[in-house]
Amino acid sequence: MALWAGRFSKEVDSTVNAFNSSISFDARMFAQDIRGSIAHATMLGECGIIESSESEAIVKGLQGILEDIQSGALVFDPNAEDIHMFVEAELTKRLGSTGKRLHTARSRNDQVALDIRLYLRDEIAEIKDLVRRLMETICDLAAAHTETIMPGYTHLQRAQPITFAHHLLCYAQMLRRDMGRLEDTAKRMNESPLGSGALAGTTYPIDRFRTAQLLGFDAPTANSLDGVSDRDFCVELGCALSLLMTHLSRFSEEIILWCSWEFKFVELDDAYATGSSIMPQKKNPDVTELIRGKTGRVTGDLVTLLSMLKGLPLAYNKDMQEDKEAIFDAIDNVKLCVTTFIPMLSTMRVLPDNMRAAAARGFINATDCADYLVKKGMPFRDAYKITGTLVARCIAEGLTLETLPIEAYREMTPLFDEDVYTAISLDTCVRERSSYGGPSPEAVRMQLDALRAWLETDRA
Ligand code: ARG
């Protein structure tokens, strides 16, 4: 019989029971549910709303339930409506009528709003740790490649020379912002909805500040309707996770390209690649492809959350039960992806010779050739035009700017001297790009130091 059977003259149809039930996916919040109930029962006792002996018995009973779930002695009843009903029913089974006092001055609406905040707060901390580890892995790899020259691209066309470290640290910067977004989300959601009741607070003399404090929140939510109907934090987290996945997906896409014979800039460790069932030569970057694929799924979770909320009147509506599967799916997949990405990246073999060979073709020093003339006094637009003509000549004659004879240069303008070859050498081109945030080894080492210092303070 349902807890609320008093109001009804019939049993709920079994299909509706199964349809309504959320225990299959909200059971994972059991520790948070029990933690919230312990705080609530403690406060009820302190405020004299229930006897302190009963409050103590409830707290003990809840601790016993927690231990039994953790040890496996107590398994979830799949017929329970949700984790909140399950824990309460179990408590009453163990304590008799004292157990029935736990739900005084509380509703499942503020209870679920509390549980999900507590749960997401824990998950955000875990995800931040994973992202931090990924950033450290990227920094370590970058430290080994501050002198590894590769072509930088725009429109996927070779554009200007950079280093592999510089390219890698671009991803570290994205992840640094992801960490910031996760932290903002955690900070903004750190208010306790407990005591909002079903929607309109309660007539009991509860102390919401006390439960907020017991549960490590900064404050109670300021409006009881908002306390039970707000799921902004799910959307914010969904957004932060979607963007994090988008970054991993862009990185994955590049690794997929770099693994191809067309690039061959890197080679994945055999433990992080797979073969083909028919083509014996194949070594496929499945991990990165799956990450790219799962990015769509996490974005879908965000869209689910936004669409679920957009038409809801205040305050709680059962639609909101749909928040959990979406945000849990996003969390699970992000954790899975980052956890797999880290060792895949740290075992990836980098092939600097191939990067350098690619950098040597494609005229990526053409800007530097124009800049050479500018430094000798020519306006940039004229220098740009002359260099374009030289590039066209190289292409026609199968040459590069490095192998084009000095006479050909001087035919265009006598400003060209033998020192042009030094000016357009890849090493010079990279070393001289020492503007703040640029690819020169010195500038990249500064960037790396700053990132590592940031990681240290963030950990503190
Ligand atoms: N299982 C519900 C959820 O996840 C808990 C809240 C139910 N409240 C209610 N009034 N039906 O949203």
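The shown structure was predicted, so the numbers you read here are calculated from the model rather than taken from an experiment.
- Looking only at distances, no side-chain donor or acceptor of S260 sits under 3.5 Å from a matching main-chain atom of I256.
- Distance alone, capped at 3.5 Å, is enough to place a donor-acceptor pair between the S55 side chain and the A41 backbone.
- In this structure, CE on M179 lies 10.0 Å from CG on L134, to the nearest 0.5 angstrom.
- Paired with E123 under the rule side chain to side chain contact (heavy atoms under 4.5 Å, CB included), one option of L182, D332, I331 passes, and it is I331.
- Listed here is the closest heavy atom pair of L199 and S224: O-OG, 2.6 Å.
- Pairing each heavy atom of A172 with each of I138, the nearest pair is CB-CG2, 4.1 Å.
- D110 contributes a side-chain N or O that, together with a main-chain N or O of G195, makes up a donor-acceptor pair within less than 3.5 Å.
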List the atom pairs, with distances to 0.1 Å, where a side-chain N or O of residues 145-157 and a protein N or O form a donor-acceptor pair under 3.5 Å, not counting sequence neighbours.
| unit_1 | atom_1 | unit_2 | atom_2 | d |
| --- | --- | --- | --- | --- |
| H145 | ND1 | T148 | OG1 | 2.8 |
| T146 | OG1 | R445 | NH1 | 3.1 |

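- Of all heavy-atom pairs between C139 and L455, the closest is SG-CD1, 4.3 Å.
- Salt bridge status for K93 with E90: present, with a side-chain N to carboxylate O gap under 4.0 Å.
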>> Test side chain to side chain contact (heavy atoms under 4.5 Å, CB included) on T137 and L141; report intermediate values, then the result.
In response: CA-CA 6 Å; T137 306; L141 191 58; 5.8 Å; no
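- The OH atom of Y272 sits 7.0 Å away from atom OG of S346, with the distance rounded to the nearest 0.5 Å.
- The environment of K310 atom NZ is sparse: at most 12 non-hydrogen atoms of other residues, nucleotides or ligands sit within 6.0 angstrom.
- The side-chain heavy atoms of P161 and R433, taken from C-beta on, include a pair separated by under 4.5 Å.
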Determine all donor-acceptor pairs shorter than 3.5 Å in which one atom belongs to a side chain in residues 208-217; sequence neighbours excluded.
| unit_1 | atom_1 | unit_2 | atom_2 | d |
| --- | --- | --- | --- | --- |
| R208 | NE | L194 | O | 2.8 |
| R208 | NH1 | T221 | O | 2.9 |
| R208 | NH2 | S192 | O | 2.8 |
| R208 | NH2 | T221 | O | 3.4 |
| R208 | NH2 | T221 | OG1 | 2.9 |
| R210 | NE | E46 | OE1 | 2.7 |
| R210 | NE | E46 | OE2 | 3.3 |
| R210 | NH1 | Q213 | OE1 | 2.7 |
| R210 | NH2 | E46 | OE2 | 2.9 |
| T211 | OG1 | R208 | O | 3.1 |

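- Side chains of N284 and T274: no donor on one and acceptor on the other come within 3.5 Å.
- Side-chain contact between I127 and L241 is present, with at least one heavy-atom pair separated by less than 4.5 Å.
- Side-chain contact annotation: K318 with Q321, donor-acceptor N/O pair under 3.5 Å present.
- Between A142 and A165 the shortest heavy-atom distance is O-CB, 3.2 Å.
- Distance alone, capped at 3.5 Å, places no donor-acceptor pair between the S21 side chain and the N17 backbone.
- A centroid separation of less than 6.0 Å is found between the aromatic rings of F328 and Y119.
- For the residue pair H40 and Q111, no side-chain donor N or O sits within less than 3.5 Å of a side-chain acceptor on the partner.
- With F86 as the partner, the side chain to side chain contact (heavy atoms under 4.5 Å, CB included) test is satisfied by one option alone out of D26, L74, N79: L74.
- One distance of note links CD1 of I255 with CZ of R292; it measures 11.5 Å at 0.5 Å rounding.
- Distance alone, capped at 3.5 Å, is enough to place a donor-acceptor pair between the R117 side chain and the M189 backbone.
- A salt bridge between R231 and D323 is present, with a side-chain N of the basic residue lying under 4.0 Å from a carboxylate O of the acidic one.
- In this structure, C337 SG and L248 CG are separated by 6.5 Å, a value rounded to the nearest 0.5 Å.
- Closest heavy-atom contact between A315 and V228: CB-CG2, 3.7 Å.
- Between the side chains of N333 and K294, a donor-acceptor pair is found at a separation under 3.5 Å.
- Electrostatic pairing of R132 and D178 does not count as a salt bridge here, judged by no charged N lying under 4.0 Å from a carboxylate O.
- The local environment of CD in E442 is sparse, with at most 12 non-hydrogen atoms from other residues, nucleotides or ligands closer than 6.0 Å.
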>> What verdict does the side-chain hydrogen bond (donor to acceptor under 3.5 Å, both in side chains) test give for Y171 and E254, after you've listed the backbone C-alpha separation in whole Å, the side-chain angles of each residue and the deciding distance to 0.1 Å?
In response: CA-CA 11 Å; Y171 286 104; E254 295 209 301; 2.8 Å; yes
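- Across all their heavy atoms, T288 and P285 have their closest contact at OG1-O, 2.7 Å.
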Please list every donor-acceptor pair under 3.5 Å in which a side-chain atom of residues 47-54 meets a protein atom from a residue at least two apart or in another chain.
| unit_1 | atom_1 | unit_2 | atom_2 | d |
| --- | --- | --- | --- | --- |
| E54 | OE1 | E51 | N | 3.4 |
| E54 | OE1 | R101 | NE | 3.4 |
| E54 | OE2 | R101 | NE | 2.7 |

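- The pair R181-D184 does not meet the salt-bridge criterion, since no charged nitrogen lies less than 4.0 angstrom from a carboxylate oxygen.
- Tested against R108 for a salt bridge (charged side-chain N to carboxylate O under 4.0 Å, His left out), the candidates D33, D115, D82 yield a single pass: D82.
- Side-chain atoms of T163 come within 3.5 Å of backbone N or O of H166 as a donor-acceptor pair.
- N354 places a side-chain N or O within donor-acceptor distance of the main-chain N or O of K264, the cut-off being under 3.5 Å.
- Counting heavy atoms from C-beta outward, F341 and S252 have side chains that approach closer than 4.5 Å.
- For the residue pair H247 and R250, no side-chain donor N or O sits within less than 3.5 Å of a side-chain acceptor on the partner.
- Aromatic ring pairs are classed by plane angle as parallel below 30°, tilted from 30° to 60° and perpendicular above 60°; the pair W258 and F164 is perpendicular.
- At least one donor-acceptor pair under 3.5 Å links the side chain of D301 to the backbone N or O of A330.
- Atom CZ of R356 sits in a crowded spot, with more than 12 heavy atoms from other residues, nucleotides or ligands closer than 6.0 Å.
- Residue F76 qualifies as enclosed at atom CZ: its count of foreign heavy atoms under 6.0 Å is above 12.
- Note that CD of E325 is 12.5 Å distant from CD1 of I327, once rounded to the nearest 0.5 Å.
- For NZ of K283, the number of neighbouring non-hydrogen atoms (other residues, nucleotides, ligands) closer than 6.0 Å is greater than 12.
- Looking only at distances, no side-chain donor or acceptor of N317 sits under 3.5 Å from a matching main-chain atom of D319.
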> Run the salt bridge (charged side-chain N to carboxylate O under 4.0 Å, His left out) check on R297 and D329 step by step: do they pass?
Replying inline: CA-CA 9 Å; R297 176 169 170 172; D329 183 73; 2.6 Å; yes
> Given the rule in the salt bridge (charged side-chain N to carboxylate O under 4.0 Å, His left out) test, do E456 and R452 qualify, once you have shown the distances and angles that lead to the verdict?
Replying inline: CA-CA 6 Å; E456 277 312 308; R452 283 178 159 161; over 6 Å; no
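- Listed for the S440 side chain is a donor-acceptor partner under 3.5 Å among the backbone atoms of A443.
- Rounded to the nearest 0.5 angstrom, L120 CG and E236 CD are separated by 11.5 Å.
- For R35 and Q32, the side-chain atoms include no donor-acceptor pair closer than 3.5 Å.
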